[in-house]
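Heads up, the thing below is written out as structure tokens.
All ligand and atom numbering here is 1-based and tracks the order in the structure.
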Amino acid sequence: DGFDLVVRNAHVVTAADEFDCDIGIRDGVIAALGRDLPAGRKEIDAAGRYVMPGGIDGHCHLDQPMNDGTKMADDFYSGTLSAACGGTTTVLPFACQFKGQSLRAAVDDYHARAGGKAVIDYAFHLIVSDPTPDVLKRELPELIAEGYTSFKIYMTYDDLKLNDRQILETLAVARREGAMVMIHAENTDCIAWLTEQLLAAGHTAPRFHAASRPMLVEREATHRAISLSELVDVPVLIVHVSGREAVEQIRWAQGRGLQVYGETCPQYLFLTSEHLEGEDLHGAKCVCSPPPRDKANQKVVWDGLENGVFQIFSSDHAPFRFDDPQGKKAAGENASFDQIPNGIPGLETRMALLFSEGVLTGRIDPQSFVALTSTNVARLYGLYPRKGSIAVGCDADIVIWDTDVNVTIRNEMLHHNVDYTPYEGMHLKAWPGVTISRGEVVWADGRAQAQKGRGRFLECTKPLPARPKSERKLVREG
Ligand code: URP
Ligand code: ZN
Ligand code: ZN
Ligand code: ZN
């Protein structure tokens with residue numbers, strides 16, 4: 001009965017395949033792939049350009065309430081708009097439980113923040129910071145059953161951290177209920193001890209943030225997280241891996257047959273600890289945890305993307321403005337490094353950075369790019385096969401890539417509400433030309449065309465990769 005939209009002459013890349021065809025879209029879903037499809041009400045000629053599944057950003061922070069006087073600069077409108085303009089069609093930000101708060105209250109609050117604002121589809125991860133008996137026995141299982149099938153736990157940050165016993169008990173719930181667990185792995189006591197020594201010696205500048213969280217603290221916590229997951233016999237995903245030492249732990253675990261997954265982010269490919277230098281606060285712009293390392297570690301992270309240590313590539317977008325008393329300067333112009341809110345923006349630049357510097361350089365093949373930025377994210381978090389591929393029946397979330405462009409990244413061209421980008425001045429040779437979300441063009445010709453509130457909340461299924469090997473059997477998804 002005709003197509004709403006036909007994307008003609010696409011050079012389609014999926015996580016497995018590469019082929020030329022037209023894509024017929026009806027009611028927001030891919031209805032046909034083939035040659036010489038009948039006319040659609042709207043047509044886009046992709047003329048041999050790379051056409052790939054829209055990005056899924058499996059780790060970003062949007063309008064997440066903070067209890068320290070800081071405020072995230074992106075809400076669900078600016079954040080998802082920025083994502084769409086950068087080729088991302090689904091985001092998974094975090095509904096974060098404060099200690100003392102019920103998980104349900106955190107989820108309800110987060111829905112209120114997202115509702116009517118998002119321009120692309122979204123699902124929520126939970127953050128479990130207070131695993132009380134009621135949370136573990138009742139709330140978490142109920143929420144997992146309702147479609148919140150992944151959650152993050154922290155081994156550091158006083159407001160969020162769990163001790164080993166709490167981690168074990170929380171992992172056991174994930175195992176029983178079939179949820180994916182993301183772990184922020186840094187040793188909190190090592191960080192506190194080092195921070196105290198640095199501050200006592202007057203070392204307060206942003207660059208000492210890196211000194212307070214050396215790779216050892218990430219290595220130790222990564223190993224411990226892996227051991228706890230082995231003990232409980234449940235898969236875990238180590239998020240925002242920064243360099244060699246954590247990579248070695250993950251590779252070691254994978255080599256032993258443990259189900260340990262890894263995520264890395266643009267900051268570990270393109271920034272180093274030198275970006276934190278200078279005696280003024282400018283280094284605060286690149287303060288994130290774990291901190292960026294050095295050039296040799298960037299190479300290790302690239303290698304991990306190429307050789308399968310990492311399954312996913314996420315932004316960890318954490319939108320704090322620089323020149324703002326609710327942002328990086330919350331503690332004033334003379335803030336010490338430990339008072340700077342952690343995290344950097346990156347929702348809009350994630351896809352193009354990896355395409356330009358990974359795919360066009362030949363470091364990463366196009367299929368792996370799709371897997372890392374979309375398909376694997378959908379699989380790990382229970383959105384596959386609705387999201388994450390170009391196939392009949394999938395949501396029509398599609399990016400048509402421009403690869404004949406010279407783009408110099410400038411914060412002015414980005415759509416987030418942060419007043420800087422760590423990648424200012426970088427030259428890229430690729431950028432999303434058209435972003436299509438459920439069959440609607442949301443970004444084209446350098447213009448955002450996305451209707452506020454059109455994005456839908458996605459309930460996630462229980463992800464197959466979250467099931468322990470010992471308990472697996474084939475269940476048809478979708
Ligand atoms: O520094 C970071 N990564 N901030 C964002 C929160 C987190 O831990 O992912
Ligand atoms: Zn082709
Ligand atoms: Zn984290
Ligand atoms: Zn994060």
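Each of the atoms 1 (O), 8 (O) of ligand 1 lies under 4.0 Å from some heavy atom of Tyr157. The contact set between ligand 1 and Cys288, taken as ligand atoms under 4.0 Å from a residue heavy atom, comprises 1 (O). The distance from ligand 1 to the heavy atoms of His240 drops below 4.0 Å at these ligand atoms: 7 (C), 8 (O), 9 (O). Near His59, with a cut-off below 4.0 Å to any heavy atom, the atoms of ligand 1 are 9 (O). Close contacts of ligand 1 with Lys152, meaning ligand atoms under 4.0 Å from a residue heavy atom, involve 7 (C), 8 (O), 9 (O).
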Would you sort out whether Glu245 and Arg293 count as a salt bridge (charged side-chain N to carboxylate O under 4.0 Å, His left out), showing the intermediate values?
-> CA-CA 11 Å; Glu245 305 234 350; Arg293 309 297 182 182; over 6 Å; no

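At the shortest separation from atom 4 (N) of ligand 1 among protein heavy atoms lies Asn342 O, 3.2 Å. The single protein non-hydrogen atom nearest to atom 6 (C) of ligand 1 is His61 NE2, 3.4 Å, given as residue, atom name and distance. In terms of protein heavy-atom proximity, atom 8 (O) of ligand 1 is closest to His184 ND1, 3.0 Å. Among protein heavy atoms, the minimum distance from atom 3 (N) of ligand 1 is reached at Asp316 OD2, 2.7 Å.
For His59 and His240, the gap between ring centers is short of 6.0 Å. Taking the ring centroids of Tyr110 and Phe124, they lie under the 6.0 Å cut-off.
The atom of His61 nearest to the Zn ion (ligand 4) is NE2, with the search restricted to N, O or S atoms. Looking only at its N/O/S atoms, Asp316 has OD1 as the one nearest to the Zn ion (ligand 4).
At least one donor-acceptor pair under 3.5 Å links the side chain of Asp121 to the backbone N or O of Arg456. Side chain of Thr375 to main chain of Gly388: a donor-acceptor pair is present (N/O by atom type, distance under 3.5 Å, no hydrogens or angles).
In summary, no N, O or S atom of His59 is located under 2.8 Å from the Zn ion (ligand 3). The Zn ion (ligand 3) has no N, O or S atom of Val239 closer than 2.8 Å.
When each of Ile183, Thr188, Val217 is tested with Met155 by the rule side chain to side chain contact (heavy atoms under 4.5 Å, CB included), just one qualifies, namely Ile183.
In terms of heavy-atom proximity, Ala123 sits nearest to Pro93 at O-CD, 3.2 Å.
Between Gly343 and ligand 1, an N or O atom pair is found at a separation short of 3.5 Å.
A salt bridge does not link Arg363 with Glu306: none of the charged nitrogens is closer than 4.0 Å to a carboxylate oxygen.
Rounded to 10°, the angle that ND1 of His184 and NE2 of His240 form at the Zn ion (ligand 3) is 90°.
A cation-pi contact, defined as under 6.0 Å to the ring centre and within 45° of the axis, is absent between Lys328 and Phe322.
Using cut-offs of 30° and 60° for the angle between ring planes, the His125 and Tyr381 rings count as perpendicular.
When Pro290, Ser314, Ser289, Pro341 are ranked by how near their heavy atoms come to atom 1 (O) of ligand 1, first place goes to Ser289.
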